[in-house]
Amino acid sequence: MNIYRTHNCGELRASDLGKQVRLSGWLHRKRDLGGMLFATLRDNYGITQILSEPGSECEKILSSVRVESVVTVEGEVISRGENINKNMPTGEIEVKLSKVIVQSSAEVLPFQVADDDNAPETTRLTYRFLDLRREKLHANILLRSKIISEIRRRMTDMGFVEFQTPILTSSSPEGARDYLVPSRLYPGKFYALPQAPQQFKQLLMVSGFDKYFQIAPCFRDEDARADRSPGEFYQLDIEMSFVTQDEIFAALEKLFIGLFSDLSDWKVTSPVFPRITYADAIAKYGSDKPDLRFALEIEDLGDIFAETSFSLFRDTLEAGHSIRGLCVDGLADKSRKFYKEIEDFVKEQGGKGVATVQFKDGEVKGSIGKHVSEAESAALRERFNAKDGSALFIMAGETDSIAKLLGQLRLKLADILDLREKNSYRFCWIVDFPMFEKDEETGEIIFSHNPFSMPQGGLEALNNMDPLEIKAYQYDIVCNGIELSSGAIRNHLPEIMYRAFEIAGYDRSVVDDKFGGMIQAFKYGAPPHGGIAPGVDRIAMLLANEQNIREVIAFPLNQNAQDLMMRAPSTVTEKQLKELHLKIVE
RNA sequence: GGAUCGGUAGUUCAGUCGGUUUAGAACGCCGGCCUGUCACGCCGGAGGCCGCGGGUUCGAGUCCCGUCCGAUCCGCCA
């Protein structure tokens, strides 16, 4: 018999009545009634009530030790009689103690484990081992484990092969800031931690492995966001040979529908996921990661106001900019405060303001109501299918910037008015990303996403089209407004690659130098291939219904990329620095 | 690097227009009472450089400036 336990804390039932059992776990709560002392004992599997008799040695020990101490107890499983607790799986029984051994006593806690006491995140991160004992976070981490094992099973079942790729690799241009590792053997040289195993997975395709996947650690030294962990994160990295974009979509839809249906009872988008072009997404949703749990589409209103007498709008259109708006129904009873809040939000986001038009009691009101002619009003009503009580939020200005602002306003309105469909995962693909874009600061042409994507139209497009007009076989998968991943059909042809890099300002020698391994490989017979790399942490966020990525990572860094528990980053010894040929300046 | 919000007991918060006593409450902690609790209950107690520094004022937790820390957003994230 195991010296610590015969059963875990989640498995005893009425069928075990009369058994002598031994349990080990953390003292979850204590309820000392003076004569009797009830306590609950918790482990990974559940919670069981234990009970000591008045005046017993067990009672003395239990009353003297704090909650969260680890104890081993022995006793008899007895019925709770009239006092069954229906909220507990083990609620029919309790264990009447004959022996208690304290394995490890707990000091006064910095925050409560049994209660969710909204402890500050700094404290929670410093005592992460305590936080991880708490119900929600513990469940999140177990869910994450399930997600990863389900992914492995489903990928393997679909014929994918799992690989490992190097963690110490070389720095490459483009992309995020690298984490660097100084080389001891080569003074002044550095390894870089991979931002993604991009080149390795493509090389595995060139090596003939056909279907690759990896739960891959990725390292990027960039600033954090609520859905972006600083430092390191995990991708479900996927690559396939001899595939079209549609075949990749089909594989991913199968994976996601299976995974999300299995691990959640929320509604999941049925195949085929909607495909929205990048241009449409920006125009209709003001974002390349639209939240499709609510409609509220942006409409272009340039044609309606083409002849307007309102000078602000006329000037905007004459300058070649745009007028666009959103329409929300049922706002007849909203106060001035509501519109003020909207106005303030838009200004906070960097907008100049937002014009409103309200249809109310057959009249046209709102901040620009009096500038709207009858014909314009009728056209607006028709465009938005507006009803009495509808309100329009209209912005005029530089096209890209108002598109983005309206996109943010769209989300804000969904927050305020609670427009999102509940208990639903709405997936979509965003396709036809531009191959290149203009660097706003320098005006130079740069890769807009991934330099390894195949341009639509191939070499001919690169040679003959305006680079900014060229689209790539480049796509994102989005769920509930969260970008899960980018992917692409890759460029496997050296000539097209050299030309694409040339347009982005890199000459042949730079490509040979920085991407030598891969470009070399492409000269020895490379299969057409493509892939994608959904973020595992973000999948876990969605399935755990958490707003912050740190809630699905066992040991996350804080926003400032520190580990408060392990105290990383930290200083190292002079000896270590010397071996690595490093000197600290300042 | 920038913006916004926040920082009062171990924790969560309250603290009005700058002045009402010794800066409060709940949870936790310590002590006492309590034989069927389920977040047990009841009584009592300890616990505070009001983030830090400066300023305004007769008087600052409260107003102003600076600074530090945190969260969120922008930049950044091929």
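Being a predicted model, the structure only gives us computed values, none of them experimental.
- Computed from coordinates, the A/F447 CZ to B/C77 P distance equals 15 Å when rounded to whole Å.
- Protein atom CD of A/E222 is 16 Å distant from nucleotide atom C1' of B/C73, rounded to whole Å.
- Heavy atoms of A/Q198 sit under 4.0 angstrom from at least one base atom.
- Using modelled atom types, one finds no donor on one side chain facing an acceptor on the other under 3.5 Å when comparing A/D291 with A/Y285.
- Between A/E135 and A/R42 there is no salt bridge, since no side-chain N of the basic residue sits under 4.0 Å from a carboxylate O of the acidic one.
- In a base pair of the Watson-Crick type (N1 to N3 plus N6-O4 or O6-N4) or a G-U wobble (N1-O2 and O6-N3), with each distance short of 3.5 Å, B/C76 is matched with no nucleotide.
- The distance from atom CD of A/E121 to atom P of B/G7 is 17 Å, rounded to the nearest whole Å.
- For the pair A/R508 and A/Y498, the cation-pi criterion (under 6.0 Å, within 45° of the ring axis) is fulfilled.
- Contact annotation for A/K514: no contact, since no heavy-atom pair falls under 4.0 Å across all strands.
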Once each nucleotide of nucleotides 30-40 of chain B is scored for protein heavy atoms under 4.0 Å, what B/S/- sequence comes out, 5' to 3'? S---BBBBBSB

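- Following rounding to the nearest Å, A/R134 (CZ) and B/U11 (P) show an atom-to-atom distance of 13 Å.
- Base pairing of B/A25: its partner is B/U12, meeting the Watson-Crick or G-U wobble criterion (both donor-acceptor distances under 3.5 Å).
- Across the protein-nucleic acid pair, A/R225 atom CZ and B/G75 atom P stand 7 Å apart, rounded to whole Å.
- A/L27 places its CG atom 12 Å from the P atom of B/C29, with the value rounded to the nearest Å.
- Regarding contacts with the backbone of B/U12, every side-chain N or O of A/R124 stays at 4.0 angstrom or more from both OP1 and OP2.
- Between A/F501 and A/F447, a ring centre-to-centre spacing shorter than 6.0 Å is recorded.
- As the counterpart of B/G41, B/C33 is assigned, both hydrogen-bonding distances of the Watson-Crick or G-U wobble pattern falling under 3.5 Å.
- Look at A/Q559 and you'll find a side-chain N or O under 4.0 angstrom from OP1 or OP2 of B/U72.
- Distance, A/L109 CG to B/G47 P: 21 Å, rounded to whole Å.
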